Structures are given as C-alpha cells and as structure tokens.
Amino acid sequence: MAILNTQSATFEYVVRLADNCLVLGHRLSEWCGKGPILEEDIALINISLDLVGRARSLYAYAATLNDKYTTEDHLAYRRDVKEFRNSLLLEQPNGDYAQTILRSYLFDVFSMLQLQQLIKSKDQTIAGISEKSIKEVTYHLEHSKQWLYRLGDGTDESHQRMELALKNLWRFSGNLFEKNEVDDVLMKEGIAFDIAQLKSEWLAIVEKDFALATLKVPENMFSQTGNLQGVHTEHLGYLLAEMQFLQRAYPDAVWD
Amino acid sequence: MENQSNQGILWEVFIQANAGIPHKHAGSLHAPDAKIALMNARDVYTRRSEGMSIWVVPSNAITASSPEEAGSFFEPSNDKPYRHPTFYKVPEGVKYL
C-alpha cells in the first residue's frame with residue numbers, strides 16, 4: 001500500500017463506512033416484494049433506502065478525495081470484491097426473517113455507537129453526515145430490536161430460528177471492530193476514533209437485549225476477519241454481480 | 001374482526017398532520033401488537049412527512065354504526081338546514097374550519 005496521507009486515509013475510511021451501508025442496504029432491498037407481510041416489506045425497504053442514501057452521501061464525498069473513482073457511481077459499481085471494505089456480517093444472505101433481523105440488529109447497535117463518536121470527527125463532512133444519520137439509525141435500531149425481542153421470546157419455532165441465525169452470524173460480527181493503519185493515521189488527526197474501544201459497550205448492550213429476547217451470546221466462537229484486506233466470504237461476489245450488472249454491461253448508462 | 005392467518009390483528013391508523021388539528025383516519029394495517037403497529041404505521045403512512053402524531057387502534061375496538069340504521073340515524077337531520085351555521089361570518093385568523 002502506498003504511504004497514507006490524511007487525504008488518502010480519509011478516502012479509505014469513508015469508503016469503508018459507505019460499503020457497510022451499501023452492502024446492507026442492498027441486502028435489505030432484496031426483500032422488496034417478498035417481505036413476510038406487506039407492512040414489514042415496506043419497513044425494510046424504508047430502512048434499505050436510508051442506508052443506500054447514506055452510502056451515496058459518503059461515496060460522493062470519497063469521490064472528491066481520490067483520482068481513480070471520480071463519481072459516487074464509480075465507487076459503488078466499478079469496484080470488485082477485493083476493494084470492498086464492508087463487514088463480513090453485512091454481506092451474509094438474508095436467510096429467514098430471524099437472520100435478517102439479527103444481522104440488522106447487530107449492525108444497528110454498532111452503527112449507533114459509531115455515529116455517536118463520528119459526530120465529533122474533525123472532518124466536517126463525516127461529522128455532518130453522521131449527525132443526519134443518527135435519527136435514521138435510532139429508528140432502524142428500534143425496529144430491529146423490537147423484532148429481536150418478539151422472535152427471540154416468541155414461539156418455539158421463532159426462538160429456534162433466532163438461535164440458528166445467531167449460530168450463522170455471530171462469527172462475522174467481531175470484524176465490525178477491526179482497524180488498520182488507516183485508523184492510526186486518522187486517529188492522530190481527530191478524524192477517526194478507536195473503534196476497538198466500542199466493542200465492550202456494544203457487547204454489554206447486545207447481552208442486555210439478548211436477555212430480554214431469551215437469547216445467549218455464543219461462547220468461544222471463532223471470529224472471522226479479513227474484510228479490511230478485501231478478503232470476503234463467497235456471498236459478496238454474488239451480491240456485487242447482481243448489483244453491478246447494469247453498469248458493468250452498459251458503462252455510464254443513465255436514465256433518459 | 002377475526003385474526004387473519006399469521007399476519008397479526010388489524011389496526012386502524014389515525015394521523016395528525018399538524019399541531020392543533022384532529023387526527024384523521026389514514027387507513028389500516030396488520031401488526032402483532034401495538035408497538036409494532038405504531039412502527040408499521042410510521043413506515044406505511046408517514047413516509048412523505050404526512051404527519052407529526054400517530055394513533056393506532058385495534059379495529060375490533062371500534063364500534064361502528066350499521067348501514068341498516070342509516071335511516072333512523074341520519075335522515076332526520078336532512079330537513080333541518082337551520083342547524084348549519086351558515087349565517088355567521090368566520091372571523092379572520094381562524095384556521096382549519
């Protein structure tokens with residue numbers, strides 16, 4: 001990797017934030033027209049649009065910080081798997097509603113804590129976008145939390161499905177707190193903060209909510225990482241193939 | 001109203017567009033309980049800033065007049081135009097009448 005300066009590190013950092021939003025936003029959009037009930041279909045798509053909107057603001061900013069990808073669309077549609085920096089948790093398939101809800105819940109708690117730090121960032125654009133996003137995420141978290149309670153502490157079947165989702169997803173949640181040299185550069189500038197320090201607070205909140213949902217945090221589970229090096233699970237490639245198809249087949253296609 | 005399949009019960013949604021004006025019936029939706037009904041109402045009926053307050057009421061808590069009673073309920077007032085306050089001027093500055 002080239003030597004990082006503040007600008008190139010900020011680019012990497014903003015793309016990382018945006019990739020999380022875009023990948024989860026795209027995953028949730030896959031529920032469009034297939035939600036378990038009409039009301040939840042609309043709820044998930046609302047959340048999906050919030051996430052894609054946030055990704056868009058962040059990509060637009062990132063596009064001003066580098067020479068290779070000059071528009072938000074280039075960042076979303078012209079990067080391959082190895083250039084994506086999103087958490088492995090977010091690219092996991094929708095599965096059933098339990099898995100979708102759990103994935104969102106784990107991310108929403110993380111997002112909330114992260115945004116509460118990022119609004120203090122010395123980078124005005126990051127701080128501004130974060131400020132705007134907090135209200136959205138407050139609702140996302142309420143939505144995923146309420147369903148976590150109801151599915152975890154619901155019927156035998158819903159409880160079993162939540163436990164299975166937990167088994168499938170937990171190992172991918174630890175990498176939300178990964179950091180690398182990008183963070184080191186930006187922490188000195190007051191642009192980023194030490195994300196690893198959020199983990200204990202995140203875990204305390206998750207354990208409290210899990211208790212209300214009659215669920216338990218799995219013990220001694222292997223934690224998978226690699227996303228900051230662009231090493232993803234096999235699912236991201238399929239997601240990008242579908243999401244990027246149009247711009248790959250017809251570069252620069254626009255609505256007429 | 002019976003509980004239909006596994007979609008939860010039916011709720012009626014009332015939205016208040018601005019402070020000081022009545023909540024108006026916006027439509028209905030399915031939800032398993034009041035909390036989720038309120039969230040669903042927010043997503044289904046206030047996506048385009050239609051409101052600032054929402055009420056949700058279980059549909060089966062509403063007692064409605066029946067069409068058969070319409071005659072005795074409503075027709076007697078048809079020939080009493082003096083009940084309409086059409087002879088007053090509305091003072092300036094009164095909103096939402």
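Order of the sequence lines sets the chain letters (A, B, ...), proteins ahead of strands, with each chain counted from 1. Just so we're clear, the structure is a prediction, and the values are computed from it rather than from any experiment.
- Below 4.5 Å, heavy atoms of chain A meet heavy atoms from B:Arg42, B:Asp43, B:Val44, B:Arg47, all part of residues 42-58 of chain B.
- The line from CD of A:Glu39 to CE of B:Met39 is 12.0 Å long, rounded to the nearest 0.5 Å.
- Few gaps surround OH on B:Tyr82; more than 12 heavy atoms of other groups in view lie less than 6.0 Å from it.
- Here the CG atom belonging to B:Leu29 is positioned 10.5 Å from the CD atom belonging to A:Glu40, to the nearest 0.5 angstrom.
- No more than 12 heavy atoms of other residues, nucleotides or ligands sit less than 6.0 Å from atom NZ of A:Lys208.
- The NZ atom of B:Lys35 lies 9.5 Å from the OH atom of A:Tyr149; values are rounded to the nearest 0.5 Å.
- With a threshold of 4.5 angstrom between heavy atoms, A:Leu44 does not approach chain B through any atom at all.
- Annotation: A:Arg150, atom CZ; neighbour count of heavy atoms from other residues, nucleotides and ligands within 6.0 Å is above 12.
- More than 12 heavy atoms of other residues, nucleotides or ligands lie within 6.0 Å of CG in B:Asn78, so this atom counts as buried by the packing criterion.
- Annotation: side chain of A:Leu38 is not in contact with side chain of B:Gln7 (no heavy-atom distance under 4.5 Å).
- Within 6.0 Å of OH on A:Tyr77 lie no more than 12 heavy atoms contributed by other residues, nucleotides or ligands.
- Interatomic distance, CG of B:Asn40 versus CD1 of A:Ile37, reported as 5.5 Å (0.5 Å rounding).
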